[in-house]
Amino acid sequence: QGTIVVQVRAAVIAEEYILLLADDRTEFTRTEEVRNDFVANVSHELKTPVGAISLLAEALESSADDPEAVKRFAKRMHKESTRLAALVQDIIELSRLQGANVAQQGRPVDINTVVSEAVDRSQLPAESKNIQLVVGGHANAMVYGDQDLLVTALRNLIDNAIRYSPENTKVGIGIRSKDGLVAVSVTDQGEGLSPEDQERVFERFYRVDAARSRQTGGTGLGLSIVKHVISNHGGEVTLWSQLGKGSTFTIRLPEMEGQDDADGAGAGKA
Ligand code: ADP
């Protein structure tokens, strides 16, 4: 009887082991697929500006005696190379995020500093469309993480709010802290997103209107970067939106413990 028990247990262990391997295998295949998809997408995205620059260079060469044409082609080359640079920058950012270990390399970060830096850096694009950036609320809250990454994430949200809103509107940036979470929201009076698009906008290279995104300097990676940064910080990003009315993107991050005193006296930087 003892032998049977041993055999059964051995069979169970073997089965578990095989399942474990199979599981690993699935995970491995899935990761590979995601990687291959990403490489395919990146190659496709890079080909567009690189191809355009190459064609424009040819056109430039053959129009040396037409100063107007030279100016026109040079301007377009500049635009395409700016797009290429933005794309490369975002790809580097995404791969940096994959290797980042915020839990180990982080520091206490003041959320108000993150907001003011992101707002400062988005001021120029906002002014170019006469969009007012309005900051409301305050939180005596520290979060644990990488300040630069958090500024990048918030900036992506503010830049999108500007990019997908008409001129002469407002973009609100709200900060509040509740139940151990700090929330920063970015609200625009822009075109909004349909429920179907809301489900997909955080995917890499997903754009509602690719031509529009390209034209306004988008790379299709902005929200994917936001999602990665925030989940690396143990937080989440949510979206509320209505077509024709506008959108609110909200980042929620866990507050560092011992920071929720009313006057913020304990919120010193380490
Ligand atoms: P992109 O570089 O194209 O802006 P993102 O990943 O940042 O890429 O955003 C993906 C898509 O989501 C955009 O192309 C746009 O269609 C949509 N989107 C993002 N933010 C907003 C917003 N605030 N209002 C409306 N649409 C938005």
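Both ligands and their constituent atoms are indexed starting at 1 by order of listing. Since the structure is predicted, the reported quantities are computational estimates derived from the model, not experimental observations.
- Taking any N or O of Tyr206, backbone or side chain, none lies under 3.5 Å from an N or O belonging to ligand 1.
- No heavy atom of Arg204 sits closer than 4.0 Å to any atom of ligand 1.
- Note on Tyr144: it does not cluster hydrophobically with Leu181, by side-chain heavy-atom contacts below 4.5 Å among ILVMFWY residues.
- For atom 9 (O) of ligand 1, the nearest protein heavy atom (residue, atom name, distance) is Leu223 CD1, 3.6 Å.
- Among the atoms of Thr219, some N or O lies under 3.5 angstrom from an N or O of ligand 1.
- Ligand-side atoms of ligand 1 in range of Ser247: 24 (N), range being under 4.0 angstrom from any heavy atom.
- Every heavy atom of Asn156 sits 4.0 Å or more from the atoms of ligand 1.
- The closest protein non-hydrogen atom to atom 23 (N) of ligand 1 is Asp188 OD2, 2.8 Å.
- Scanning Asp197, Asn160, Val226 for the heavy atom closest to atom 7 (O) of ligand 1 points to Asn160.
- One finds no salt bridge joining Arg155 and Glu93 here, because no Lys/Arg side-chain nitrogen approaches an Asp/Glu carboxylate oxygen to under 4.0 Å.
- Closest protein heavy atom to atom 12 (O) of ligand 1: Val201 CG1, 3.2 Å.
- With a 4.0 Å cut-off on non-hydrogen atoms, Leu157 does not touch ligand 1 at all.
- Ranking the protein heavy atoms by distance from atom 3 (O) of ligand 1 puts Ser213 OG, 2.6 Å first.
- Between the side chains of Thr250 and Ser185, no donor-acceptor pair is found at a separation under 3.5 Å.
- Expressed to the nearest 0.5 Å, how far CG of Leu221 lies from CG of Asn156 amounts to 9.5 Å.
- Summarising the geometry, atom CZ belonging to Phe202 is positioned 7.5 Å from atom OG1 belonging to Thr238; distances are rounded to the nearest 0.5 Å.
- For the side chain to side chain contact (heavy atoms under 4.5 Å, CB included) with Phe249, the qualifying choice from Val184, Leu154, Ile158, Leu223 is Leu223, the only one to do so.
- Between Phe205, Phe202, Tyr164, it is Tyr164 that holds the heavy atom closest to atom 14 (O) of ligand 1.
- In terms of protein heavy-atom proximity, atom 8 (O) of ligand 1 is closest to Gly220 CA, 3.2 Å.
- Atom CG of Leu193 sits about 7.0 Å away from atom CG of Leu243, to the nearest 0.5 Å.
- Inter-residue side-chain proximity for Leu94 and His228 is flagged as met; some heavy-atom pair is nearer than 4.5 Å.
- Less than 4.0 angstrom separates some heavy atom of Val208 from each of these atoms of ligand 1: 14 (O), 16 (O).
- Salt-bridge check for Arg121 with Glu117: passed, with a basic side-chain N closer than 4.0 Å to an acidic carboxylate O.
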